[in-house]
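So the structure is just underneath, and the comments pick up after that.
Side-chain atoms are counted along with the backbone in the values below, which use heavy atoms only and exclude waters and symmetry mates. One-based numbering, in listed order, for ligands and for the atoms of each. If you read the sequence from its start, that first residue is 1, and numbering goes on from there.
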Amino acid sequence: MPNTLSQDYKRTCVWKDDLFAGKVVFVTGGAGSICRVQTEAMVLLGADAVIVGRNGDKAAAAAREVAELRPGAKVLSFAVDVRDINTILEAVKQTVESLGRIDYVIAGAAGNFLAPITGLSANAFKTVIDIDLNGSFNTAKATLPELLKTKGSVVFVSATLHYRGLPFQAHPAAAKAGVDSLMKTIAVEFGPLGIRSNALAPGPIEGTEGMSRLGKGSEHNRQRSYEMIPLGRYGTTQEIADGTVYLFSPAAHYVTGQVLVVDGGQWQTTSPRMDAYPSVMLELAKQPNKI
Ligand code: COA
């Protein structure tokens with residue numbers, strides 16, 4: 001069970017209760033932890049939602065749970081693999097048939113694991129590029145015609161991995177660099193048509209799938225990691241929700257082509273997983289090169 005938002009969010013957040021009333025948000029990766037809280041915040045503040053994911057059962061379960069957050073909320077789910085644009089186009093068609101419109105898109109479907117380049121086959125690299133980068137393009141391509149009708153807005157889920165060289169993350173870092181670039185092109189091509197395009201780049205967020213998969217380490221390393229974050233702690237899912245709400249809200253109506261980094265300033269001071277650098281690279285050089 002991801003670290004989800006509760007109805008307390010409405011009491012504690014700074015946003016108006018009905019900020020997104022009558023609007024519809026379409027979310028890829030909405031069953032995962034980051035996109036799940038983004039969706040929850042939008043629904044708590046009045047939006048209806050569509051959660052699409054590769055695992056249809058997981059997406060359906062997430063949709064049922066998110067719908068319970070607000071009486072009257074409609075939250076649909078569809079089984080979609082973002083690598084196949086036809087599955088997204090079908091979900092968009094059914095969304096419009098059922099909910100009438102799409103105002104906001106969160107392109108968040110992603111895959112990741114830790115691997116050095118020697119342990120990363122060509123297919124492994126391609127798989128992550130296909131999900132993270134090509135999947136983001138497919139999502140935008142399939143939803144932009146609907147956003148044109150509503151003068152809507154898209155938020156890509158990015159990262160800070162590619163702001164410098166980072167070992168074991170060649171694949172998602174290359175993908176997210178592409179996502180940031182795609183986001184900016186959409187801002188420029190579609191801005192004149194009334195569409196805004198931005199990205200949100202989470203840093204280390206407590207209780208997320210990413211942290212549990214990628215952030216394993218000793219208590220000593222964790223303490224060291226806190227010390228290297230200017231704000232002295234990992235972020236919360238609520239802080240990701242707030243960043244997302246901001247980017248979709250009227251408060252950001254003059255903001256497009258931007259990456260909002262929500263990381264407590266982490267990337268400015270440190271690069272995660274560099275503790276054993278460079279000795280770990282010298283050790284890995286002895287391993288066979290996986291093709
Ligand atoms: N290290 C090295 N290579 C790996 C790997 C790892 N930990 N996990 C998968 N791969 C490789 C596979 O070996 C395969 O390459 P090969 O054909 O040369 O052997 C390639 O990646 C594709 O793996 P596969 O399992 O067939 O792909 P998939 O489409 O089922 O899964 C992944 C996609 C690999 C991204 C998988 O990790 C995933 O589904 N993740 C979803 C959840 C997630 O990552 N969330 C993000 C949290 S930050």
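Following chains of ILVMFWY side-chain contacts shorter than 4.5 Å, one can reach L99 starting from L144, so the two form part of one hydrophobic cluster. At a threshold of 4.5 Å between side-chain heavy atoms, the hydrophobic network of Ile, Leu, Val, Met, Phe, Trp and Tyr places V255 and V105 in two separate groups. A continuous path of Ile, Leu, Val, Met, Phe, Trp and Tyr side chains, each step under 4.5 Å between heavy atoms, connects V75 with V25, placing both in one hydrophobic cluster.
The shortest N or O to N or O distance between T127 and ligand 1 is not under 3.5 Å.
Close contacts of ligand 1 with K290, meaning ligand atoms under 4.0 Å from a residue heavy atom, involve 13 (O). Taking every heavy atom of F113 and a limit of under 4.0 angstrom, the matching atoms of ligand 1 come to 1 (N), 2 (C), 3 (N), 4 (C), 5 (C), 6 (C), 7 (N), 8 (N), 9 (C), 10 (N), 34 (C), 37 (O). Within ligand 1, counting atoms from 1 as listed, the ones closer than 4.0 Å to a heavy atom of G111 are 35 (C), 43 (C), 44 (O). Per-residue contacts place A110 under 4.0 angstrom from the following atoms of ligand 1 (heavy atoms of the residue considered): 43 (C), 45 (N), 46 (C).
Distances shorter than 4.0 angstrom do not occur between any heavy atom of L120 and any atom of ligand 1. Taking 4.0 Å as the cut-off, G119 counts as a neighbour of ligand 1 on heavy-atom distance. In this structure, R83 counts as a contact residue of ligand 1, since one of its heavy atoms falls inside 4.0 Å of the ligand. Residue-ligand proximity: R54 is placed with a non-hydrogen atom under 4.0 Å from ligand 1.
Ring-plane geometry between F20 and Y104 is classed as perpendicular, the angle between the planes exceeding 60 degrees on a 0 to 90 degree scale with a lower cut at 30.
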Without placing hydrogens or testing angles, list every side-chain donor-acceptor pair under 3.5 Å for residues 49-63, not counting sequence neighbours.
from: N55; atom 1: OD1; to: D57; atom 2: N; distance (Å): 3.1
from: N55; atom 1: OD1; to: K58; atom 2: N; distance (Å): 3.0

Which donor-acceptor pairs under 3.5 Å do side chains of residues 182-189 form with protein atoms, sequence neighbours excluded?
from: T185; atom 1: OG1; to: S181; atom 2: O; distance (Å): 3.2

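A salt bridge links R36 with E65: the closest approach of a Lys/Arg side-chain nitrogen to an acidic carboxylate oxygen falls below 4.0 angstrom. Ion pairing between R101 and D103 holds under the 4.0 Å rule for side-chain N and carboxylate O.
The part of I131 lying near ligand 1 is the side chain, judged by heavy-atom distances below 4.0 Å. Counting heavy atoms under 4.0 Å from ligand 1, residue S121 touches it through the side chain alone. Counting heavy atoms under 4.0 Å from ligand 1, residue A122 does not touch it at all.
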